[in-house]
Amino acid sequence: MRNIHPNTNDAYRLLHNGALALLRAEQQGMRVDMEYIERTTAQLTEQIDELEAVLKKTKFFRHWQHSRGNRAVNINSDVQLGNYIYNRLGFEPVKLTDSGRGAVDEESLLALGVPELESIIKIRKMRKNRDTYLGGFAREQVDGYVHPFFHLHFVRTYRSSSDRPNFQNIPKRDKEAQKITRQALYPRPGHQLLEFDYGALEVRIAACYHQDPNMLKYIREGHDLHADMTEQIFKIDKYDDAIDGHAHLRSAVKNGFVFPQFYGDYYGNNAADISGKWCGLKTKQWKPGQGVGFEGAHISDHLCTHKLGSLQKFTDHLKEIEEDFWENRFPEYHAWKRRWWAGYKKFGYIDMKTGFRCSGLMERNDAINYPIQGSAFHCLLWSFIELDRIMVLEKWNTRLIGQIHDAIIFDVSPNELDHVIKTIRRVTTQDLPKAWQWINVPLEVKGDLFPVDGSWASESTKV
DNA sequence: GGAACTCGCCAC
DNA sequence: AAACGTGGCGAGTTCC
């Protein structure tokens, strides 16, 4: 019988061929609009100066300056800010940093309800966009192109990383930051950007390891786990996108329960996050009329009538949900995690289905997460190598220009578009599972196509 | 003056 | 009993 599992040699070849394919993407690079960057950098500087000027006139700032004697305040110093608000003004930190000081991240500052702190947050965001992103592009560009590096040898899980500039953390979720940063990035003249992502890749690859029948069913039949969990957690009869508040709660459940649970989090954090961050219920005891909108009223109305009117009750509720999630919904996944951890403790290493071996000291969550994260990326890398090979063989004018863990970004020649999309779909969803037969779940990809000569911030269409 | 550290924050 | 995985990078700060 043919051994369908890649070995260490296969793993080595993947890295070798991956390095060569990524090199071509690095050499190609991505076009940047230097005029836009210069213009926008100046605008951001102006806006930052303005906000700082206003801030400096406030009582808040003058008191801060006074408290430091003749040492000048640096508005950008988290240490100075933390000392002032927690040691001088006497606010109680809502959370502490790893080293035990009062945190001054956005969440902590907003919790204090001080308007001056809100402008400090605004200044922070603008500096981030200006210095980290636009500044990074400007610093790294050569003749109007950035050439981000992609590395295959830094990450414990055998994922990739990227730097100079980092291609893998350009803002996307925050629409304002997305627009400011991605407006600097373009395809070659006459071309268009195309982004192809695997859908729920890590969840699918995890299923290849644990083979939980209920999870396989969700994946193969395309059922919506997040919707089911939303019904269970919020005691909703029938989840419905179209009903006020439902979609928001689904996001809350997806990002506040399901994914964190997969990474090894627990109900305590989940309950605090879902109620506080996602539902806007910041107190311990909830009263009707509070929090995000839900079915024409507020989420707290709904929770109170379902005997979930406090953080304590909601936490107890999520404790039961967590038990049910692992013991009844995904028992085989649960059993696999236990076996996998026991295997690491016995042998001192773990082997991935892609042929890689991870050794070294690991916590339980590490040992369980590494193989999933790693082999999910290897699926992407395999596809990247194969598409790069075909690109060279068929002499495409289209280029692969980058990769973000489960996505590939192309700079496409419009007259090749149809063929390129067809080839991408075939390689990513058909050729890969044929080459790696341990993949026994369907793979899905979705494409985003940007206009000809449009920036990465332009409106895209699904392909 | 640079190395190493902390913190915050961007991505998946 | 405790409790979230992987990175890069800018800025401030401390140490040598």
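Proteins come first, then strands; the chains are lettered A, B, ... in the order of their sequence lines, and each starts at number 1. Hydrogens, waters and symmetry mates are skipped; everything else that's a heavy atom, side chains included, is used.
There is no side-chain donor-acceptor pair under 3.5 Å between Glu176(A) and Asn129(A). If you check the side chains of Asn83(A) and Asn87(A), you find a donor sitting under 3.5 Å from an acceptor. A donor-acceptor contact closer than 3.5 angstrom links the side chains of Thr45(A) and Arg130(A).
Residues from residues 248-263 of chain A placing a heavy atom under 4.0 Å of any atom in DNA chain C, listed by number, are Pro260(A), Tyr263(A). Contacts between residues 158-171 of chain A and DNA chain C, defined by a heavy-atom separation under 4.0 Å, are made by Arg159(A), Ser161(A), Ser162(A), Asp163(A), Arg164(A), Asn166(A), Asn169(A). If you check residues 314-337 of chain A against DNA chain B, you find no residue with a heavy atom closer than 4.0 Å. Near-neighbour residues of DNA chain C inside residues 353-374 of chain A, defined by a heavy atom below 4.0 Å, number-ordered: Asn365(A), Asp366(A), Asn369(A), Tyr370(A), Gln373(A). Scanning residues 339-351 of chain A for heavy-atom distances under 4.0 Å to DNA chain B yields an empty list. Across residues 125-153 of chain A, Lys128(A), Tyr133(A) each have a non-hydrogen atom less than 4.0 Å from an atom of DNA chain B (numbered order).
For His63(A) and Tyr84(A), the ring centers are positioned less than 6.0 Å apart. Within the 6.0 Å centre-distance limit, the rings of Tyr333(A) and Trp326(A) are counted as a close aromatic pair.
Ring-plane geometry between Tyr158(A) and Phe356(A) is classed as tilted, the angle between the planes lying from 30 to 60 degrees on a 0 to 90 degree scale. Ring orientation note: the planes of His248(A) and Trp278(A) are tilted relative to one another, at an angle of 30° to 60°. The aromatic rings of His153(A) and His151(A) sit perpendicular to each other, their planes meeting at more than 60°, with 30° as the lower class boundary. Ring-plane geometry between Phe325(A) and Phe262(A) is classed as tilted, the angle between the planes lying from 30 to 60 degrees on a 0 to 90 degree scale. Ring geometry, Trp382(A) versus Trp436(A): the interplanar angle falls from 30° to 60°, so the pair is classed tilted. The aromatic rings of Phe314(A) and His317(A) sit tilted, their planes meeting at an angle between 30° and 60°. Ring geometry, Trp64(A) versus Phe60(A): the interplanar angle exceeds 60°, so the pair is classed perpendicular (tilted spans 30 to 60°).
By the side chain to side chain contact (heavy atoms under 4.5 Å, CB included) test, Lys95(A) is found to be paired with Ala103(A), Asp105(A), Glu107(A), Ser108(A), residues two or more places apart in sequence or in another chain being considered. Take Ser310(A) and apply the side chain to side chain contact (heavy atoms under 4.5 Å, CB included) test, not counting sequence neighbours, and it matches Gln285(A), Gln312(A), Lys313(A).
At the heavy-atom level, Gly268(A) lies nowhere under 4.0 Å from the strands shown. Note on Gln80(A): only backbone sugar-phosphate atoms sit closer than 4.0 angstrom, heavy atoms only; bases stay farther off.
Cation-pi geometry between Lys346(A) and Tyr344(A) is not met: the NZ or CZ atom fails to fall both under 6.0 Å from the ring centre and inside 45° of the normal. In this structure, Lys353(A) forms a cation-pi arrangement with Tyr209(A), its terminal cationic atom sitting closer than 6.0 Å to the ring centre and no more than 45° off the ring axis.
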Per-pair distances, 0.1 Å, donor-acceptor, side chain in residues 115-126 of chain A, under 3.5 Å, sequence neighbours excluded:
residue: Ser119(A); atom: OG; partner: Glu116(A); partner atom: O; Å: 2.9
residue: Arg124(A); atom: NH1; partner: Val104(A); partner atom: O; Å: 3.0
residue: Arg124(A); atom: NH2; partner: Asp78(A); partner atom: OD1; Å: 3.2
residue: Arg124(A); atom: NH2; partner: Val104(A); partner atom: O; Å: 2.6
residue: Lys125(A); atom: NZ; partner: Glu106(A); partner atom: OE1; Å: 3.0

Using a 3.5 Å cut-off and no angle test, enumerate the donor-acceptor pairs between side-chain atoms of residues 201-208 of chain A and protein atoms at least two apart in sequence or in another chain.
residue: Glu202(A); atom: OE2; partner: Arg159(A); partner atom: NH2; Å: 3.4
residue: Arg204(A); atom: NE; partner: Gly199(A); partner atom: O; Å: 2.9
residue: Arg204(A); atom: NH1; partner: Pro442(A); partner atom: O; Å: 2.7
residue: Arg204(A); atom: NH2; partner: Glu444(A); partner atom: OE1; Å: 3.4

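Here the P atom of nucleotide dC12(B) and the CZ atom of Arg204(A) are 17 Å apart, to the nearest Å. Computed from coordinates, the Asp174(A) CG to dG8(B) C1' distance equals 15 Å when rounded to whole Å. Following rounding to the nearest Å, Lys172(A) (NZ) and dC9(B) (C1') show an atom-to-atom distance of 17 Å.
The side chain of Arg173(A) contributes no N or O atom lying less than 4.0 Å from OP1 or OP2 of dC10(B).
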Using atom names, set out every protein N or O paired with an N or O of nucleotides 4-7 of chain B below 3.5 Å, distance rounded to 0.1 Å.
residue: dC7(B); atom: OP1; partner: Thr97(A); partner atom: OG1; Å: 2.7
residue: dC7(B); atom: OP1; partner: Ser99(A); partner atom: OG; Å: 2.1

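Here the closest heavy-atom approach between residue Gln28(A) and residue Tyr145(A) is recorded as O-CD2, 3.9 Å. Nearest heavy-atom pair across Pro187(A) and Gly454(A) is CD-O, 3.1 Å.
Using a cutoff of 4.0 Å between basic side-chain nitrogens and carboxylate oxygens, Arg13(A) and Asp10(A) are scored as salt-bridged. Taking the charged nitrogens against the carboxylate oxygens, Asp212(A) and Arg329(A) have no contact shorter than 4.0 Å, which rules out a salt bridge. Ion pair Asp411(A)/Arg399(A) not flagged as a salt bridge, since none of the NZ, NE, NH1 or NH2 atoms sits closer than 4.0 Å to an Asp/Glu carboxylate oxygen.
The outermost nucleotides of DNA chain C lying under 4.0 Å from heavy atoms of chain A, listed 5' to 3', are dA3(C) to dT13(C).
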